[in-house]
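Only a predicted model underlies this, so the values are computations on that prediction, with no experimental measurement involved. Numbered from 1 within each chain, the chains take letters A, B, ... in sequence-line order.
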Amino acid sequence: VSDSPDPDKRPSLAELHDRALAEPRDAGAEGARRFVAWLDNRAGGHRGDPARPTEAADAVVPFEEATSWWRGAIPRALAVAALAVGIASVFGHWVTGRSVEPPEAQVPTPEAPMPSPVAAEPRDKLGPGDPCRDAKRAGGAARLVDDFEDANELVALLEGRNGYWVTITDTQQEATESVLLPSVRPMATPSNRYAVHLAGERRAKWGASVQVEFGPTCYDASIYRGISFDVLGPGRVYAGVREVDAVPVQRGGTCTTACYDSHLSAVGAASSWTHHEIDWSDLHQRGKTEPANPRRLSGIEFLVRSEDTPYDLWIDNVAFVR
Amino acid sequence: MPLPDGSFASGGGDETPADALPERLQALDRAAWKALYLGNRRLVRGVLAGHVGYGPELEDLTQQVFATAATLVMNGKTALHGNASGLQSWLAAIAHRLGFAERRRRRAAPVMDADHESAPQVHADPIARQTLRRARALWQQLPERLQAPWLLRHLERMTIDEIAAALSISAATAKRRISEADRRFEAMVDRDPVVRDYLRRGDPT
């Protein structure tokens with residue numbers, strides 16, 4: 001491992017980097033063993049199998065501890081959101097220039113029981129293979145989708161919603177979305193530091209998209225009347241929802257042709273943060289007039305069409321509205 | 001990484017044809033995931049090290065990267081199919097984003113940490129260790145959009161196309177960002193006597 005400090009034989013930065021990463025021969029195998037043990041544990045639960053014994057339960061524990069920040073972020077996010085709501089309730093007019101909804105419509109505190117999603121209705125009209133037979137249904141008391149203050153890619157885990165913010169552009173192949181982490185937003189405040197940033201060069205095809213799919217394949221948000229969010233530009237973004245009927249069959253939807261056609265509405269983004277609310281009835285697929293069906297949601301999407309590129313936009317405080 | 005015969009070593013006596021790997025990962029085949037882990041562990045650690053250094057926490061973060069990848073597949077957020085070569089870029093992208101998140105989480109932690117001491121195998125020459133530490137600090141001063149291209153290109157030796165895929169940008173943009181990062185990094189090196197003297201003596205590039 002040691003080299004002569006002969007200046008003429010000094011390794012390059014890349015070689016120094018390689019050497020710093022050198023590790024004992026069995027470290028990779030040990031790491032793989034931990035990972036596979038974790039995978040056994042998680043994949044068993046994911047498939048709904050009875051708990052399968054792990055190869056080495058002791059190996060799972062340290063890793064679970066190591067990843068605890070992930071789960072710890074959830075109560076932290078809830079606490080931050082609750083704090084932000086409290087502050088916004090008092091200083092609402094200062095923060096957004098508009099009235100803030102009463103506390104009953106806001107995020108529950110970590111101590112408060114989360115509303116339990118119930119089965120979507122009516123199931124009897126849905127075919128046996130329809131993903132909305134097992135839809136999760138929003139309860140209506142926790143409208144926040146994500147305020148990004150936990151600085152991670154997960155949505156707020158409320159009302160059965162469970163998904164990651166991802167981004168994809170028209171130069172990527174289908175289903176190669178990248179996870180999108182929040183960034184420190186312009187005009188950040190102590191209670192509102194993060195937002196998602198969409199920026200890029202000119203696009204020649206359909207543009208660029210930021211989206212989140214809720215964990216269940218089909219999500220029923222019909223208790224709400226639409227979505228809301230804050231946006232900073234300048235520019236234009238198409239915001240709205242994607243129904244399961246626009247998601248390809250192989251990804252859990254029902255679409256077989258011309259997929260990914262979301263129900264969207266154009267929103268102008270000013271050079272200062274502006275708040276927008278869009279009703280379901282104002283969301284349409286391109287060239288169509290039928291409004292979005294909030295009983296059949298797959299997720300939320302923000303789309304920058306090619307004609308609006310290059311682009312440099314920020315999105316924050318995504319929520320449902322009642 | 002693919003073996004010369006096009007298969008992937010899984011480490012468990014099983015061999016996965018490279019082309020079948022995405023499908024097997026999608027099916028949560030543990031041998032395939034193990035092969036993915038073993039084949040890309042070095043890359044993931046390299047990307048993370050740029051963000052957090054070479055300390056012992058690298059191991060846990062490496063686990064997190066693969067756990068995130070598996071979770072994305074389990075939750076149906078990422079569908080794996082087709083070309084196995086995209087997996088490397090996919091993992092590099094996750095590692096980069098997790099590295100950023102970890103850095104942000106440690107916001108107050110100074111870059112000039114003790115990683116050079118925890119990685120004495122870097123080089124017997126303390127100047128070399130200090131150079132690596134300072135170079136990483138300089139790298140972290142690059143604009144965020146330039147950090148990953150520079151690291152993936154110069155330290156992880158990825159191709160332009162791989163970098164473009166990992167960062168969801170075009171190859172032309174990747175090239176442009178690398179070029180801009182090189183220019184800025186060189187300018188910073190000129191102002192850092194330790195890194196400058198190390199890099200310019202004996203011309204290690």
Any chance you could measure A:Arg34, atom CZ, to B:Thr62, atom OG1, to the nearest 0.5 Å? 9.5 Å
Interatomic spacing from OG in B:Ser170 to CZ in A:Arg203 - rounded to 0.5 Å: 7.0 Å
Of the backbone (N, CA, C, O) and the side chain (C-beta and beyond), which part of B:Arg41 lies under 4.5 Å from a heavy atom of chain A, both, or neither? side chain
Which bit of B:Thr173 comes within less than 4.5 Å of chain A, counting heavy atoms only: side chain, backbone, both or neither? side chain
Would B:Leu58 and A:Glu23 count as a side-chain contact (heavy atoms from CB on, under 4.5 Å) if you check the C-alpha gap in whole Å, the side-chain angles of each, and the deciding distance to 0.1 Å? CA-CA 11 Å; B:Leu58 208 50; A:Glu23 54 185 352; over 6 Å; no
Between [X] and [Y], what is the shortest heavy-atom contact and its length?
X	Y	answer
A:Thr169	B:Ser168	OG1-O, 4.1 Å
A:Trp38	B:Ala67	CH2-O, 3.5 Å
B:Ala49	A:His17	CB-CE1, 4.2 Å
A:Pro11	B:Tyr198	O-OH, 2.6 Å
B:Leu38	A:Gly28	CD2-O, 3.6 Å

Are the side chain of B:Gln63 and the backbone of A:Gly31 linked by a donor-acceptor contact shorter than 3.5 Å? yes
For the side chain of B:Arg45 and the backbone of A:Leu21, is there at least one donor-acceptor N/O pair under 3.5 Å apart? yes
Hey, are the side chains of B:Arg176 and A:Glu201 touching, using non-hydrogen atoms and a 4.5 Å cut-off? yes
Any B:Trp33 side-chain heavy atom under 4.5 Å of A:Val36 side chain: no
Could you look at A:Ala199 and say if it's the side chain, the backbone, both or neither that has a heavy atom under 4.5 Å from chain B? neither
Please assess B:Lys34 against A:Arg33 for the test side-chain contact (heavy atoms from CB on, under 4.5 Å), listing each intermediate value before the final yes or no. CA-CA 8 Å; B:Lys34 187 175 180 181; A:Arg33 189 181 68 82; over 6 Å; no
Can you list the residues of residues 145-158 of chain B that sit under 4.5 Å from chain A, counting heavy atoms only? B:Trp150, B:His154, B:Leu155, B:Glu156, B:Arg157
Yes or no on side-chain contact (heavy atoms from CB on, under 4.5 Å) for B:Thr131 and A:Leu13, after CA distance, side-chain angles and deciding distance? CA-CA 8 Å; B:Thr131 297; A:Leu13 277 182; 4.1 Å; yes
side-chain contact (heavy atoms from CB on, under 4.5 Å), that's the test. Do B:Arg97 and A:Leu180 meet it? Break it down for me. CA-CA 8 Å; B:Arg97 289 166 198 280; A:Leu180 180 63; 4.3 Å; yes
Output all residues satisfying ring pair (Phe, Tyr, Trp, His ring centres under 6.0 Å) with B:Phe66, sequence neighbours left out; order by chain, then residue number. A:Phe35, B:Tyr37
